[in-house]
Amino acid sequence: NMGVRLGWAFFTSNKNRFSVAASKEDEKSAVFNLKDAEDAVFLEAEEKFLSWRQSKDYLAVAQSSLEAVRARAWIVRKQYLTGKSSYFEWTNVEEQLINAQKQILTAEKNLVVSYISFLNSLGTMGEYR
């Protein structure tokens, strides 16, 4: 009688070879998910940064518009006081001035909100929530 024994190590250091392969695949998947999440964070931060810049530029435009309306209101007010302009024109220009001032307030609020949103997207405002 003679026998041959063939052995193949199914377990290596107390780990199943198939579970090791599955763990390596899980690790690759986790790394991919981490990079995907990192890209999402960067894209959101970039979007919030551009929104903040847009709010800042809009505020500059609104301030320029306010100065123009303020100058026009001053001229029409002087014309009204000297009788060269009508009451309706004067009230119309004053209403435009009030609306321009409201636009400035809205633009300033939007600038602050977009800046805080940008900081939140970076994760730097978490302790202030």
Side-chain angles (χ1 to χ4, degrees):
N1 265 341
M2 202 170 169
V4 174
R5 187 173 184 178
L6 178 63
W8 180 61
F10 188 70
F11 292 96
T12 57
S13 66
N14 295 330
K15 293 183 182 175
N16 185 318
R17 286 189 182 189
F18 295 115
S19 68
V20 170
S23 296
K24 287 182 181 180
E25 288 300 318
D26 287 344
E27 179 186 15
K28 287 178 186 178
S29 176
V31 168
F32 176 76
N33 288 339
L34 180 64
K35 287 183 181 183
D36 189 38
E38 183 181 60
D39 288 344
V41 167
F42 285 140
L43 288 174
E44 182 182 356
E46 182 181 22
E47 179 184 331
K48 300 297 182 179
F49 174 74
L50 293 176
S51 176
W52 172 53
R53 291 284 306 268
Q54 183 180 11
S55 296
K56 190 175 176 184
D57 291 341
Y58 179 75
L59 179 60
V61 169
Q63 287 172 337
S64 175
S65 176
L66 175 64
E67 292 304 315
V69 170
R70 187 176 283 148
R72 173 80 177 129
W74 182 82
I75 290 171
V76 172
R77 190 178 306 122
K78 294 298 180 187
Q79 289 175 342
Y80 175 70
L81 292 174
T82 59
K84 296 179 182 175
S85 178
S86 70
Y87 172 79
F88 296 110
E89 186 177 2
W90 174 68
T91 56
N92 186 25
V93 170
E94 289 296 321
E95 187 70 29
Q96 290 175 2
L97 180 60
I98 291 168
N99 288 336
Q101 290 170 337
K102 287 179 182 178
Q103 282 181 339
I104 287 289
L105 292 174
T106 302
E108 288 173 344
K109 181 193 86 150
N110 289 341
L111 179 65
V112 170
V113 167
S114 63
Y115 181 69
I116 290 174
S117 179
F118 168 61
L119 292 180
N120 280 337
S121 71
L122 295 176
T124 56
M125 292 293 290
E127 62 271 9
Y128 299 115
R129 286 185 188 172

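Computed from a prediction, not measured in an experiment: that's the story for all the values here.
Listed by chain and residue number, nothing satisfies the side-chain hydrogen bond (donor to acceptor under 3.5 Å, both in side chains) test with T91 (two or more places apart in sequence, or in another chain). With sequence neighbours left out, the side chain to side chain contact (heavy atoms under 4.5 Å, CB included) criterion links K109 to V113. Every ring-ring contact (aromatic ring centres under 6.0 Å, His included) that Y87 has, sequence neighbours left out, goes to W90. The salt bridge (Lys or Arg N to Asp or Glu O under 4.0 Å) search around E108 returns none, not counting sequence neighbours. Residues meeting the side chain to side chain contact (heavy atoms under 4.5 Å, CB included) test with K84, sequence neighbours left out: Q79, T82. By the salt bridge (Lys or Arg N to Asp or Glu O under 4.0 Å) test, K35 is found to be paired with no residue, residues two or more places apart in sequence or in another chain being considered.
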Validation: residues 96-105 side-chain donor-acceptor distances under 3.5 Å, sequence neighbours left out:
from, atom 1, to, atom 2, distance (Å)
N99, ND2, E95, O, 3.4

Under 3.5 Å, sequence neighbours excluded: what are the donor-acceptor pairs made by side chains of residues 40-63?
from, atom 1, to, atom 2, distance (Å)
K48, NZ, S117, OG, 3.4
S55, OG, S51, O, 3.1
S55, OG, S114, OG, 3.3

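Grouped by direct or indirect side-chain proximity (heavy atoms under 4.5 Å, Ile/Leu/Val/Met/Phe/Trp/Tyr only), V31 sits alone.
Residue pairs meeting the salt bridge (charged side-chain N to carboxylate O under 4.0 Å, His left out) criterion with at least one member in residues 61-81, sequence neighbours excluded, are E67-R70, R72-E89, R77-E94.
Across all their heavy atoms, S85 and V76 have their closest contact at OG-CG1, 3.7 Å.
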